[in-house]
Amino acid sequence: MHNWEISPKQAVQEQKGLQEKLRIQSFQQEVKLVGGADISYNRFSSTAYAGIVILRFPEMEIIEKQTAVATMHFPYVPGLLSFREIPPIAEAWKKIKTRPDVMVLDGHGMAHPRRMGIASHFGIVFQIPTIGCAKKVLTGSFDMPENQKGDTSPLMDKEEQIGTVLRTKPNVKPVFISPGHLMDFKSAIDIIKPCIKGYRIPEPTRQAHLLVNEARIKNTKGHTS
DNA sequence: GCGACAG
DNA sequence: ATCTTGTCGC
C-alpha cells in the first residue's frame, strides 16, 4: 500500500500511475458474499468512523461487521475522495475475517475523470473485485432512466460508457453504478439489483452507512472528538 | 471565463 | 459528510 500522506497534486499523479493497474474485465465468479464500506464523521472533525459489513448474497443477511476509528489526513476534494476515505476503511478491513467475493464502495468506480474513483482505488490496493455505488454524478452525462425499479440508462463520458444510472425505486432519484476493479458493467448491475431491498440505497452500502453512523454517535456522546 | 463538483 | 422540522406525495 503506497504512501497516503501526499498533496492533492501528488494524488492526481498517483491516480494516473494507478491507471495501468486497473482491470475492467468480465467478472465470472459466483457471488456468495458481498461487502459494503463507508465512513462517518462530525463536521469540522478529522476523526472518521469507518465500517465494513459482510452480507450473504442474495439474502442480504449480515454475517459480519467491523468498525474502526482513524484520523483523516487528506481534505475532501472532488475527484480525490479515495485519499481521504480509504485509510480509515483500511483499518476496518484489517479486522474483517470473512473475505467477500466483491466489495461495494460508497462513491464511484471508473465513473471518474481519470477512471480512478474510490471503488477502483480500493480494488487495486486490496486486490479484490469492487463496484462503485454513488448517490450523485461526478463526471459524465446521462438521460434519466424510466421510473420503474430496475430501469437503467448509460452514464457516458463523451462516447465512452463509464457507468450505469440505476433506478432502485419509483419516484426516487437513481443511483450511479460503475465497475471498480476486476469488474464489468453488466456484472456490476446484476450484482447490485438483488441487493435492493426496498430502499434507494442497495443494502451493502446502506448497512455500512447505518453501522458507521451508529458508531460515530455512540463514540461522540458526552465528549469531544 | 463559467459552471460542475463522489463523500 | 453533517445539521435539521415539517411537509408533500406515493
Side-chain angles (χ1 to χ4, degrees), chain A residues 4 8 11-12 14-15 18 22 36-52 67-90 92 103-123 130-142 146-149 151 155-158 162-181 188 192 198-202 204-221 224-225:
Chain A
W4 298 89
V12 171
E14 178 63 36
Q15 294 183 319
L18 286 171
L22 184 62
D38 192 17
I39 73 168
S40 175
Y41 54 88
N42 291 312
R43 185 145 77 147
F44 306 134
S45 171
S46 60
T47 300
Y49 296 84
I52 290 178
T67 60
V69 183
T71 302
M72 297 180 281
H73 299 292
F74 200 93
Y76 168 65
V77 179
L80 302 178
L81 181 65
S82 62
F83 293 88
R84 178 177 175 73
E85 303 198 346
I86 287 184
I89 292 176
M103 277 294 292
V104 180
L105 282 288
D106 192 343
H108 294 98
M110 67 177 284
H112 175 282
R114 292 170 290 283
R115 307 294 178 269
M116 200 52 63
I118 188 171
S120 297
H121 198 161
F122 183 95
T130 58
I131 296 172
C133 179
K135 298 179 288 297
K136 294 188 293 186
V137 61
L138 170 61
T139 189
S141 59
F142 64 96
E146 295 302 286
N147 203 195
Q148 294 308 299
K149 173 183 176 182
D151 286 338
L155 175 59
M156 311 290 288
D157 182 349
K158 300 294 179 55
I162 56 176
T164 305
V165 187
L166 173 66
R167 181 81 66 179
T168 55
K169 186 176 182 179
N171 307 309
V172 168
K173 290 184 297 182
V175 294
F176 303 81
I177 307 301
S178 61
H181 184 52
I192 291 296
Y199 298 88
R200 179 199 180 207
I201 308 301
T205 292
R206 197 177 79 83
Q207 292 300 336
H209 187 274
L210 291 175
L211 175 64
V212 298
N213 208 36
E214 171 184 53
R216 174 179 62 82
I217 294 175
K218 183 175 300 180
N219 286 289
T220 296
K221 247 181 180 179
T224 310
S225 192

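Order of the sequence lines fixes the chain letters, A, B, ..., with proteins taken first and strands second; residue numbering starts at 1 for each chain.
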Contact under 4.0 Å: A/Arg43 side-chain N or O vs C/dT4 OP1/OP2 = no

Indicate whether OP1 or OP2 belonging to B/dG7 is found under 4.0 Å from a side-chain N or O atom of A/Lys135.
-> yes

Check: A/Met72 and A/Pro88 side chains under 4.5 Å, non-hydrogen atoms | yes

Quick one: label A/His209 by what it contacts on the DNA or RNA (base, sugar-phosphate, nothing), any heavy atom closer than 4.0 Å.
-> sugar-phosphate

When rounded to whole Å, the CG to C1' distance for the pair A/Leu81 and B/dA6 reads 6 Å

Whole Å only: how far is the CG atom of A/Leu155 from the C1' atom of B/dC5?
-> 14 Å

Once you round it to whole Å, what is the distance between P of C/dG9 and NZ of A/Lys169?
-> 17 Å

Nearest-Å distance for atom pair NZ/P, residues A/Lys136 and C/dT2 = 12 Å

Hey, are the side chains of A/Phe74 and A/Pro8 touching, using non-hydrogen atoms and a 4.5 Å cut-off?
-> yes

Between atom CD in A/Glu85 and atom C1' in C/dT2, what is the gap in whole Å?
-> 13 Å

So what does A/Asn213 hit on the nucleic acid, given a heavy-atom distance under 4.0 Å: a base, only sugar-phosphate, or nothing?
-> sugar-phosphate

Are any of the side-chain heavy atoms of A/Glu85 and A/Leu105 separated by less than 4.5 Å?
-> no

Atom CD1 of A/Ile86 and atom P of C/dA1: how far apart are they, to the nearest Å?
-> 17 Å

Select base, sugar-phosphate, or nothing to describe what A/Leu80 touches, counting heavy atoms under 4.0 Å on all strands.
-> base

Answer yes or no as to whether C/dA1 has its base stacked against A/Tyr76, where stacking requires a ring-centre separation under 5.5 angstrom and planes under 30 degrees apart.
-> no

Between B/dA6, C/dC10, C/dC3, spot the one nearest the side chain of A/Arg216, thanks.
-> C/dC3

Nearest-Å distance, CG (A/Asn42) to P (B/dG7)?
-> 19 Å

Closest non-hydrogen contact found for A/Phe122 with A/Ile86 is N-CD1, 3.6 Å

Would you mind classifying the nucleic acid contact of A/Ile118 as base, sugar-phosphate or nothing, using non-hydrogen atoms under 4.0 angstrom?
-> base

A/Thr130 (side chain) donor-acceptor with A/His181 (main chain) under 3.5 angstrom = yes

Nearest to the side chain of A/Tyr41, which nucleotide is it out of C/dT2, C/dA1, C/dC10?
-> C/dA1

Sugar-phosphate only, base, or nothing, as touched by A/Thr139 at under 4.0 Å among non-hydrogen atoms = nothing

Along DNA chain C (nearest heavy atom to each residue), the more 5'-positioned of A/Asn171 and A/Asp38 = A/Asp38

Grab the OH-C1' distance between A/Tyr49 and C/dT2 for me, whole Å please.
-> 13 Å

Between A/Arg216 (side chain) and A/Ala48 (backbone), is there a donor-acceptor pair under 3.5 Å?
-> no

Looking across every strand, which nucleic acid part, if any, lies under 4.0 Å from A/Gly132 by heavy atom: base, sugar-phosphate, or nothing?
-> nothing

The nucleotide from C/dT2, C/dC10, B/dG7 with an atom nearest the side chain of A/Ser40 is C/dT2

